Amino acid sequence: MSDTPARAKNEIIKENSHMLRGGIADGLSDMSTGALAEDDTVLLKFHGSYMQDDRDVRAERSKKKLEKAFTFMIRLRIPGGLVSPKQWIALDDIASIYANGTLRMTTRETFQYHGIIKSNLRTTMQAIDKACLDTLAACGDVNRNVMSTANPYLSKVHRAAYDLARDLSVHLLPRTGAYHEIWLDGEKTGEKTGEKVVEKAGEKAVEQAAPVKPAKDDVEPIYGPLYLPRKFKAVVAVPPDNDVDIYAHDLGYIAIVEHGDLVGYNVTVGGGMGMTHGERDTFPRTADPLGFCTPEHAIKVGETVMTVQRDWGNRAVRKHARLKYTIETHGIAAFRAEVEKRLGFALAPPRPFTFARTSDTIGWHQTPDKKWHLTLFVEAGRLKDRPGVTARSAIREIAEADLCQFVVSANQNLMLAAIAPKAKAKIEAILKAHGVSTAVPSGLRRNAMSCVALPTCGLALAEAERYLPTLVTALEDKLDEAGLANDDIVIRMTGCPNGCARPYLAEIGLVGRGPGLYNLYLGAAFDGSRLNKLVAQDVGHDKIIALLSPLFVRYATDRAPGERFGDFTIRIGAVKATTGGNQFHADIQLAG
Amino acid sequence: MTASPFLPKSAPFSAEDIAALNNVVGRANDKQRSWLAGFLAGLDAAQSGTIAAAAPPKARIPLTILYGSESGNAEGLALKAKKIAQKQGFDAKVVDLGDIDAAALTKFTNVIVYTSTWGEGDPPQRAVDFHKSLMADTAPRLDKLNFAVLALGDTAYAQFCAAGIALDARLEALGAKRMADRIDLDLDFAKAANAWTDRTLEAFQPAGSTVVHVDFKSVPVTADDDEPAFTADSPLEAEVSALINLNGTGSTRETWHVELATSDAAFTYQPGDAIGVVPQNDPELAASLLDATGLSGQAALIKTLVQSRDITTLTRPIVTAYAKLTGRADVAQLADGDAFTRYAADRQLVDLFADHKEKLTSDQLIGLLRPLPGRLYSVASSPKAHEGEAHLLIGAVRWASHGRARKGVTSTYVADRRKVGDTAKLYVKPNRHFRLPTDASRPIIMIGAGTGVAPYRAFVEDRAEDGATGKSWLFFGERNYTNDFLYQLEWQDHLASKALSRLDLAFSRDQPAKIYVQHRLWERRDDVLGWIADGAHLYVCGDEKGMAKDVDAMLVKILGEGDTGLAKLAELRKAGRYQRDVY
Ligand code: SRM
Ligand SMILES: Cc1cc2nc3c(=O)[nH]c(=O)nc-3n(C[C@H](O)[C@H](O)[C@H](O)COP(=O)(O)OP(=O)(O)OC[C@H]3O[C@@H](n4cnc5c(N)ncnc54)[C@H](O)[C@@H]3O)c2cc1C
Ligand SMILES: Cc1cc2nc3c(=O)[nH]c(=O)nc-3n(C[C@H](O)[C@H](O)[C@H](O)COP(=O)(O)O)c2cc1C
Ligand code: SF4
């Protein structure tokens, strides 16, 4: 790589990391600090963990002769968000023993733990491994947890989508022995075969796991020693549901069903959300269609897309390293050509499909096989016990009674899947006993999503998870007055422009700028196919309500039949339509 | 004929000398004369270098002053007694019970014992082995021994002065002769102790002894023998310059780092010493005490209670006195045996009065209450690192019982009612038995939990200032890493600068299995033994019940199973290489 221009710092850290080992192991044994060395925290992400500190108490710490209140966030890798009752019990235990007592369901169908201290990091990893789960590649410059439209038990197509998600995730796992070495020392899982038996949703399946190998013969057949220039995210959608937000990801598969059978996938590439305030050459981008492929080619196609990004991606400037920028630079045609060249065959043109929504349908639903499925609305995905509403205990009790499978949705909700008819009443009773309501929340709330932000997220500029519910309550009043209490309107909030709750695909997007201040975006498509656009800068609680209320009133009276709020705001000229990522910052007209 | 006070002309002196001598001797009283006699005899003895030659006057009376002491009170009394005894011509020496066993008593003729009681009726830690040997059946007969015992204690404890009492009885049982009755003293022991010492020394003087022996051998006076410039009765008024709760928000602990401006040059201390804080009571508690005794709202009285009386500690003597005063049978019953122990367990004075309301006069109330004692705190700073300052680390004591919120008098006086800029009254409590090795190249192993880390901050600072070369290893324990890692940033700096060589931590509540410092010691036992082999000094500081006992047991286990371990630890203690500051 000698002739490359200046390389991003992370590239050097990866190169010298000895296949993601770095000094992590030594750092873990140094008890004088609750932190790890800065370079090691970069590598730690590949292992599924982030070093954080409690920002609520930062101010007091040095006065008290204490270092920052360092803790670690652990993110699991759970393709398709599917978890068995046994696994749930293990995950629930970990939450109370090592983490802050909550299970945080993410916008990418998995769990995060917060508040784990360094001395418990390894033990926690081992507990996760015992549950036949892992955290490998949940973060870092690799293929991340792969999502599929929630609930494989809805149909055989959903099942196929889930299998693709899981197989792709496994196929693209790093092969370094570092993970087993550092975290599962002595733990012999998969040592010989590199395979481990995984308890998945009640059945046994065999999953490739990173084999334990002496460092020297570690090889990364797919990634190579430097892994990817940046994170890489893949999802599988089953229309009409676009719960996984196909256009927000580097790689997407849209299941094409003809005469009730899965015939293949439309492949999409180059989606992404993250941007930086005030840097117009960073922007969210909706993915482009790449072509159609048959199920047996799906994984090969995915691997090839990823490896082209591996070789073409920008390794000098991390801010431009995502696939979306690679495609902006080379153009989709050139990119497709390279992929097809490496595949050795051309991709068929995309086939027709229609998406109806990005949100989940809250409540009970029965499938032809007589099985019941319950989608529980979980505010900001934070599953915990509060006085009166002991949701976490309720779910645990259900898991202990072995009444269903569990699926985390891309909207941070929890699905109780494949419930036998006779078990339905039991589940309802348990939920009732714990004060958990199965009632459908307002049209705004059930379509609301917020990122973690403060106090754990190191990048947060403003509150999100801890504030959005309050804002929604205030907006609900206005919607009530307008008679829109039950109309679906998608609202998403993040504490910074990185876009972890995919705010740029929300009809109402709010992105943190500073304490109590947000940028307001409008005009995204309800089905997730169009980005929104900035309409107001640095607005606080009251201003946000003042700006939205009149729009609600007009929407109630002037909307065309079936017209969505996002489309409406464009039609009445409140905001211009964003036709593509590179147009996100174009024709902005700020509301007075 | 009656002896004339004048030298005869025949005396072997020049006329001038005879006149001069007459001038003095003539006017001298009996005491002065006998002193002169002793003086001259002593002079001969000193010149001839042999006591034997020092006839005709009687040989000096040998006196061994023994002490068993933990925090230095009994030791202080013993050293004081020695000075007085020497003035009176005793051949007095002071011996720590930690340095002898029962057999040694057969070599003594006269002993005065000053001993405190610790734990729950136990002897002070260094005196434990002596007590064992004295109580054992193998203990020698002591028919030739004369003795007297002064027992220090605290009526707050069920086993008041138990160690002294046991010792006194056992010496008699072994045939020794009691020269003066034992006295058992509470925390306000000073006056009574001095009076007892005078009485007792008299009792050891043979009747009609005239010649006072004058000792020419100089009495070595070590620094620690000196009365500190500031005492509980004459404390230093020091300004609070910093007051920080070191525990992070959300901690289950409350530990205050207190910096005091002690610029007065006479206020000197060393790492290992304790500093006494003269507290004031919570005015609200004082008020509720008055409410319970029908004395509500007497401002002057409140002031007295707040400043000078112990209004919290429920002691048996007080219950007895209150029963007498009020003639209440139900109170009287509380005073005896188990009844008292059960009632007093987690109650305080206010409960006694509130549960058995009677009207008292202010004099009656004051009469019931003992003086408000100061509390000791291991100094957490090295004067070399913080000139004109003394730092303390004070754990706030708070609990609730019988529907009342309870507060430790001194710790919450500091935590709640002292602010930066206020003053607090301090005195120094030297502790010769908790000191850094004089040899700065010696390794040290410091073991402590909670506030027990205080003196180690002073130790490490002191060695850093001296550029000491000896390695240092700290074992620290608390509840939670994130919020209870006392002085974390400072330890990190000391590690970086090598002032601290090694750090091991035990946080009991961070994981399902409770981990304490003794477990870390066990995990590191090979290195610990290695350090000891290299001459390391071991230190243990902090809570006795909560930690020190278990650490002690673990050290024994590490040093060798059963008796070998015990013996080795005792050896280390005798060699001054195992020192404890526990409370
Ligand atoms: C937990 C989660 C939000 C949530 O409330 O659920 C999340 C949380 C964080 N994201 Fe994210 N991201 C999460 C989904 C997303 C998404 C949505 C998605 O992928 O569907 C995005 C936008 C899509 C994309 O990648 O473009 C997203 C874009 C980012 C970015 C910007 C990436 C970019 O290329 O611009 C960062 C910052 C970075 O990577 O440098 C980031 C970084 C972070 C970090 C790790 C902050 C950090 O780097 O220190 C956040 C941890 C906060 C905390 O305390 O937990 N997160 N993050 C989501 C976990 C997903 C998962 O399970 O893997
Ligand atoms: C040599 C020496 C050094 C010391 N060094 C330090 C030091 O460095 N730091 C430090 O913080 N302390 C230290 N101490 C202890 C300190 O002297 C005091 O004992 C402590 O601060 C409590 O004093 P207080 O006046 O606040 O509480 P007090 O009013 O004396 O109350 C303490 C008493 O309350 C009772 N009590 C306490 N908790 C409970 C409970 N949960 N339930 C029932 N009863 C209870 C017990 O009887 C206890 O003895 C040291 C003690 C000694 C002897
Ligand atoms: C932790 C601790 C335990 C004590 N236990 C007793 C006891 O059981 N009985 C008693 O009479 N005094 C007890 N005392 C009081 C001491 O004997 C008293 O403070 C004495 O003055 C200490 O003298 P020293 O400094 O020579 O050790 C205890 C004191 C402390 C700090
Ligand atoms: S969007 Fe920003 S604030 Fe929110 S979790 Fe992601 S990085 Fe943190």
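Letters go in sequence order (proteins before strands), and every chain restarts at 1. What you see is a predicted model, and the numbers here were worked out from it, not measured in a lab.
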### Task
Start with the C-alpha gap between A/F72 and A/Y98, add the side-chain angles, then the distance that decides, and say whether side-chain contact (heavy atoms from CB on, under 4.5 Å) holds.
CA-CA 10 Å; A/F72 292 81; A/Y98 299 114; over 6 Å; no
### Task
Would you please say whether a donor-acceptor pair under 3.5 Å links the side chains of B/H386 and B/E259?
no
### Task
State, without any angle test, whether B/Y583 and B/T451 hold a side-chain donor-acceptor pair at a distance under 3.5 Å.
yes
### Query
Among A/V57, A/T33, A/I117, who wins on heavy-atom pairs under 4.5 Å with chain B?
A/T33
### Query
For chain A, which residues of residues 481-493 of chain B have at least one non-hydrogen atom nearer than 4.5 Å to it?
B/Y481, B/T482, B/N483, B/F485, B/Y487, B/Q488, B/L489, B/E490, B/Q492
### Query
So what's closer than 4.5 Å to chain A heavy atoms on B/N480: side chain, backbone, both or neither?
neither
### Query
Just one of B/R479, B/R398, B/K407 clears the salt bridge (charged side-chain N to carboxylate O under 4.0 Å, His left out) bar with B/E254, so which one?
B/R398
### Query
Taking every heavy-atom pair that is under 4.5 Å apart, which of A/K118, A/E60, A/K63 has the most such pairs with chain B?
A/E60
### Query
With a 3.5 Å cut-off and no angle check, do the side chains of A/H114 and A/R382 form a donor-acceptor pair?
yes
### Message
More than 12 heavy atoms of other residues, nucleotides or ligands under 6.0 Å from NZ of A/K9: yes or no?
### Response
yes
### Message
Checking A/R392 against A/S96: is there a side-chain donor and acceptor pair closer than 3.5 Å?
### Response
yes
### Query
Do you know which of B/L495, B/I244, B/L505, B/T249 has the most heavy-atom pairs with chain A at a distance under 4.5 angstrom?
B/T249
### Query
Relative to each other, are the rings of B/Y456 and B/F434 parallel, tilted or perpendicular (30° and 60° limits)?
tilted
